[in-house]
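Data first, discussion second: the structure below is written as structure tokens.
Scope of the values below: all heavy atoms of this structure, side chains included, with no hydrogens, waters or symmetry mates. Within every chain, numbering begins at 1; the chains are lettered A, B, ... in the order of the sequence lines, protein sequences first and strands thereafter.
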There are 2 protein chains.
Amino acid sequence: MADLPDESVDLVFADPPYNLQLGGDLHRPDNSRVDAVDDDWDQIGDFDDYDLFSCAWLEQARRVLKPDGALWTIGSYHNIFRVGAFLQDMGFWIHNDVIWRKSNPMPNFKGTRFTNAHETLIWAGKTKASRVTFNYAAMKALNDGVQMRSDWTLAICAGGERLKTGDGRKAHPTQKPEALLHRVLLATSNPGDIILDPFFGTGTTGAVARKLGRRFIGIEADAGYADIARRRIAAISPAADADLKVTQSKRALPRIPFGAVVEAGLLKPGDTLYCAQGRRTARVRPDGTVAAGGETGSIHQMGAHVQGAPACNGWTFWHVRQSGQLAPIDVLRARIRAEMEGV
Amino acid sequence: MADLPDESVDLVFADPPYNLQLGGDLHRPDNSRVDAVDDDWDQIGDFDDYDLFSCAWLEQARRVLKPDGALWTIGSYHNIFRVGAFLQDMGFWIHNDVIWRKSNPMPNFKGTRFTNAHETLIWAGKTKASRVTFNYAAMKALNDGVQMRSDWTLAICAGGERLKTGDGRKAHPTQKPEALLHRVLLATSNPGDIILDPFFGTGTTGAVARKLGRRFIGIEADAGYADIARRRIAAISPAADADLKVTQSKRALPRIPFGAVVEAGLLKPGDTLYCAQGRRTARVRPDGTVAAGGETGSIHQMGAHVQGAPACNGWTFWHVRQSGQLAPIDVLRARIRAEMEGV
DNA sequence: CAAATACTTGAATCAGGTC
DNA sequence: CGACCTGATTCAAGTATTT
């Protein structure tokens, strides 16, 4: 990661070692042994060692991120509090913590705790000022038309998706489901963006990035994992650009000033605007301001003014009379947008 | 809290200020103002001040906890990572992080993030060695017979439960639902335990503690809140002791050695024990050991031995023939337990 | 061949008391 | 503190096997 240039990456997704400190073997009630995560790479050491490790990769991530870039990281209670506190200290600005709620977690076999049924992700901008990518409407669409929440119910990676070695054992002990990465990348990156995964493992991030038309950089210390990841990703054919379009947020649509409506002649200076009930009126001025109640200003300011409200969306408050009916001026904006797209 | 004696408390439940950093007022799309958390007590300042504040109350909580005591704390991404890291650094031992998944969260009105639909709780023992209370069987029962998971779906506090001031405004900005405290106290405390809530607010912890027959200590700096809490709790009549009983784990039952079954004459030396299928047998000896497969030892050791298993619960593995049917020897143990209770 | 049953497995800080 | 013993304890999916 130290070799990457400054400010070259749009999004970082990091699935660092959790530094689990497991005791002896764990057996199920049927006496079978649980195949635990006891790999060397997960044994960072005590809190001090783990903190140094975390700060090191977080600092590098921060360096390579573009000013409007963002970072995701995932963890469990073993490590996520430390990582979260450090990234706040470094100036990352948390937008959400997101819960991956596992539909099929491993139970607590000894009956000593609550079933550990979730992991925590943190989504943070590089700085408080970073204008990070968030495809709000795409998330809403993905969630059947209601806002996507901060808790995501997804199955763990198993079955055919789980990569196996030649002898049928799992290739990587902590392979993440592609559905998780799909949602992360769809929500907070755009096609063509550069995604960096500093703990690439068997390449789930790369596989999903390729499917979704994102570019990616994967870093993996274990040559065996890297080899599996390479072959996995080579087998994927990315979708065509046209298939990657997602529902656009209104926010992402080009901004149309009210003056453009006047410029376009859809309204003329002196035309009257009405509130929905028709009782309040404003008069259009040539410069795209409106006059109402003895004052002048933007459609939003005047909408607020006549209501005595602190704010107002003038596009939906003000209406025009079209063939006897009142229609919000937003329909005029829509007409301009349609023209801009060359429809 | 500094006035409380050392090691005097069984459980701490802490709902500290979240250190929310809200920039300006929030308005809903219809322009109504969102009544956000902007009380003085939630504006601790920057991270340094908040960290000092967090360490101070955590240290006091640690001091007053009994050696086998435990602590709960709740927070959002604004503060929970810092609090979690500190309590780990202090030697608290995390058992679970628990997600309160809100069934009816406040939407994200600006469409810039995921709906903030959860809060995070941490359940930690005072030390790694603390044998904390966990009413596993009660939680399993509460959850329709399957293990309680680390994510709890509960509604936010609203409607009749939400305390109001005389003029109809909410009495406290972050009143927690009683259902949340109910689950916390039921899971990790016993009737008669002393519960400390250092951020008592309007007394939800005290109200639920009283209902559940726990004793409590509430600390609240705001006299107005404290007054509301006092009146709220005074109106509650605790349930009768008999109504506070919950499903007990078998671990909590008195231990009966197999030899006691022989001493009581429920089995005689030379009697034969069978596995469930009747194919394997063992012969009872006078000292409570059994002989099977050419070896002798405890019912557990011989059960494991004849199966070639690493371990075995002899009480459920071995059976006696009663009127032609095979019954596990556990029924004999149950008979002795019943006699011990003086029934 | 379909349906029913059995087996396998997953980021796990997974017991408690006595000698 | 370590060794040793008793004996309590699992959910949802996917895959394999049997009926």
Polar side chain donor-acceptor pair, A:H118 to B:S150, under 3.5 angstrom
yes
Is A:S76 touching bases, backbone alone, or none of the nucleic acid, heavy atoms closer than 4.0 Å?
nothing
Per-nucleotide protein contact along nucleotides 2-7 of chain D, 5' to 3', at a 4.0 Å heavy-atom cut-off (B base, S sugar-phosphate only, - neither), is ----SB
Please name all residues satisfying salt bridge (charged side-chain N to carboxylate O under 4.0 Å, His left out) with [X], sequence neighbours left out, ordered by chain then number.
| X | value |
| --- | --- |
| A:K164 | none |
| B:R279 | none |
| A:R113 | none |

Quick one: A:L154 CG to D:dA12 P, roughly how many Å, whole number?
17 Å
Pairs of donor and acceptor atoms involving the side chains of residues 119-128 of chain B, under 3.5 Å and at least two apart or interchain, shall be tabulated with distances.
unit_1, atom_1, unit_2, atom_2, d
B:E119, OE1, B:Y18, OH, 2.5
B:E119, OE2, B:K102, NZ, 2.9
B:K126, NZ, B:R62, O, 3.1
B:K126, NZ, B:L65, O, 2.7
B:T127, OG1, B:A129, N, 3.2
B:T127, OG1, B:S130, N, 3.1
B:T127, OG1, B:S130, OG, 3.0

Which protein N or O atoms sit under 3.5 Å from an N or O of nucleotides 3-10 of chain C?
unit_1, atom_1, unit_2, atom_2, d
C:dG10, OP2, A:K170, NZ, 2.9
C:dG10, O5', A:K170, NZ, 3.2
C:dG10, N7, A:R28, NH2, 2.6
C:dG10, O6, A:R28, NE, 3.2
C:dG10, N2, A:P105, O, 3.0

Sequence neighbours left out, what passes side-chain hydrogen bond (donor to acceptor under 3.5 Å, both in side chains) with B:R63? Give chain and number order.
B:D6, B:Q60
Holding to side-chain hydrogen bond (donor to acceptor under 3.5 Å, both in side chains), I want the full list of residues that pass it with A:Y50, two or more places apart in sequence or in another chain.
A:N79
Sequence neighbours excluded, which residues qualify as side-chain contact (heavy atoms from CB on, under 4.5 Å) partners of B:A309?
A:N31, B:Q307
Which string of ( ) [ ] | and . matches DNA chain D, if you list each base 5' to 3' and count Watson-Crick or G-U pairs only when both distances are under 3.5 Å?
.|||||....|||||||||
For residues 255-268 of chain B, tabulate all N or O donor-acceptor pairs below 3.5 Å that involve a side-chain atom, not counting sequence neighbours.
none

Identify each donor-acceptor pair in which a side-chain atom of residues 292-302 of chain B lies under 3.5 Å from a protein atom, sequence neighbours left out, and give them as a table.
unit_1, atom_1, unit_2, atom_2, d
B:S298, OG, B:H300, N, 3.3
B:S298, OG, B:Q301, N, 3.0
B:S298, OG, B:Q301, OE1, 3.4
B:H300, ND1, B:G314, N, 2.9
B:Q301, OE1, B:S298, N, 3.0

